[in-house]
Amino acid sequence: MEACIEVMCLRTDIREVPLLKNIIIVGPSRAGKTTLAKKINEELNYFVISLDKLVAVFGRAYPELDIRLAWDREKTTANIAPFLGHFLGMFSSGHGAADELNLRAHAVEGNRFVLEGGYFDFEKISSVLKLYGIENLKDNFILIGLVQNKKTADEFFDDLRKYDTEDDWTYGFEDDELREYVSQDAIPFGRAMMEQLRNYGFKIYDTSVERERVFKQVLEDIRKEIM
């Protein structure tokens, strides 16, 4: 009987244990999320997880879930939110409980990641995180928001034309297509995301100009928080 009681206690004890904070980088396209994540990897040894790649994997492996790149952003964001909530909760909470299994033994000390992307529905994600004892994102994660609100539509267009490579999905756009994307999608999406980032406690950095200087400041701020 005593052994049974001990097992039950093990499964229901979900007290948090101290963990190093993982990092979430959020922002619209071309704000510098991937570049910043790579710098964090190089200088602070965080493993980089690309949300675009996760979306692409879901699109290939489970097309019936309607989680796809270059499709309906709102639907993809909503459909992947439950996965992100459980993923972040399982890998960023101390108890590691999943249904009747206790997965604390699977935790690796010092194992940290930075997740970067734009497909985040934080209302849905936060509701799932509560199952893991995470009430506020900012208490468990380093939250970085990248925006480009100081750019005009013409500056957006000029930068895309200047810096686009064959790896960028807007590379083959005609001028009219690119201008429409900037005015109808990029700028409105960036402004809407700014409000969401503020609501969830992200520290916001504008990369419209002097991007390298901004990245240096971000790295300094992260070092202060993790040291």
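Basis for what follows: all heavy atoms, side chains included, without hydrogens, waters or symmetry-related copies.
- Val55 and Leu88 fall within a single hydrophobic cluster, where Ile, Leu, Val, Met, Phe, Trp and Tyr side chains are chained together by heavy-atom contacts under 4.5 Å.
- Judged purely by atom type and a 3.5 angstrom limit, Arg112 uses its side chain to pair as donor or acceptor with the backbone of Leu44.
- Annotation: side chain to side chain contact (heavy atoms under 4.5 Å, CB included) contacts of Arg30 (sequence neighbours excluded): Leu160, Asp164, Asp168, Trp169, Thr170.
- The stretch residues 218-227 participates, sequence neighbours left out, in these side-chain hydrogen bond (donor to acceptor under 3.5 Å, both in side chains) pairs: Lys21-Glu225, Glu43-Arg223, Lys203-Asp221, Tyr205-Asp221, Gln217-Asp221.
- Summarising the local packing, CG of Asp176 is surrounded by 12 or fewer heavy atoms from other residues, nucleotides or ligands at distances under 6.0 Å.
- Not a single donor-acceptor pair under 3.5 Å links the side chain of Thr207 to the backbone N or O of Gln148.
- Atom CD1 of residue Ile144 and atom CD1 of residue Ile204 lie 12.0 Å apart, to the nearest 0.5 angstrom.
- When each of Asp66, Asp185, Asp121 is paired with Arg73, the salt bridge (charged side-chain N to carboxylate O under 4.0 Å, His left out) condition holds for Asp185 and for no other.
- The environment of CD in Glu155 is crowded: more than 12 heavy-atom neighbours from other residues, nucleotides or ligands sit within 6.0 Å.
- Close placement of the Phe58 and Phe83 rings is indicated, their centers lying within 6.0 Å of each other.
- Side-chain atoms of Lys138 do not come within 3.5 Å of backbone N or O of Tyr200 as any donor-acceptor pair.
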Residues 191-199, side-chain donor-acceptor partners within the protein, below 3.5 Å, at least two apart:
residue	atom	partner	partner atom	Å
Gln196	OE1	Phe122	N	3.3
Asn199	ND2	Glu195	O	3.3

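- Between the side chain of Asn22 and the backbone N or O of Phe113 there is at least one donor-acceptor pair closer than 3.5 Å.
- Taken to the nearest 0.5 Å, the CG atom of Leu84 stands 8.5 Å off from the CD1 atom of Ile24.
- Residues Asp154 and Thr152 bring no donor and acceptor atom of their side chains to less than 3.5 Å of each other.
- The pair Lys39-Glu212 counts as a salt bridge, with a side-chain nitrogen and a carboxylate oxygen less than 4.0 angstrom apart.
- Residue Ile142 is not grouped with residue Phe91 when hydrophobic side chains (ILVMFWY) are merged at heavy-atom distances under 4.5 angstrom, including chains of intermediate members.
- No side-chain donor-acceptor contact under 3.5 Å links Asn79 to the backbone of Ile67.
- Counting non-hydrogen atoms of neighbouring residues, nucleotides and ligands closer than 6.0 angstrom, the CD atom of Glu135 exceeds 12 such neighbours.
- A donor-acceptor pair is defined here as one N or O able to donate and one able to accept, closer than 3.5 Å; such a pair exists between the side chain of Asn41 and the backbone of Tyr46.
- Atoms CG and CD, on Leu51 and Glu116 in that order, are 7.5 Å from each other to the nearest 0.5 Å.
- Asn149 places no side-chain N or O within 3.5 Å of a backbone atom of Asp206 that could act as its donor or acceptor partner.
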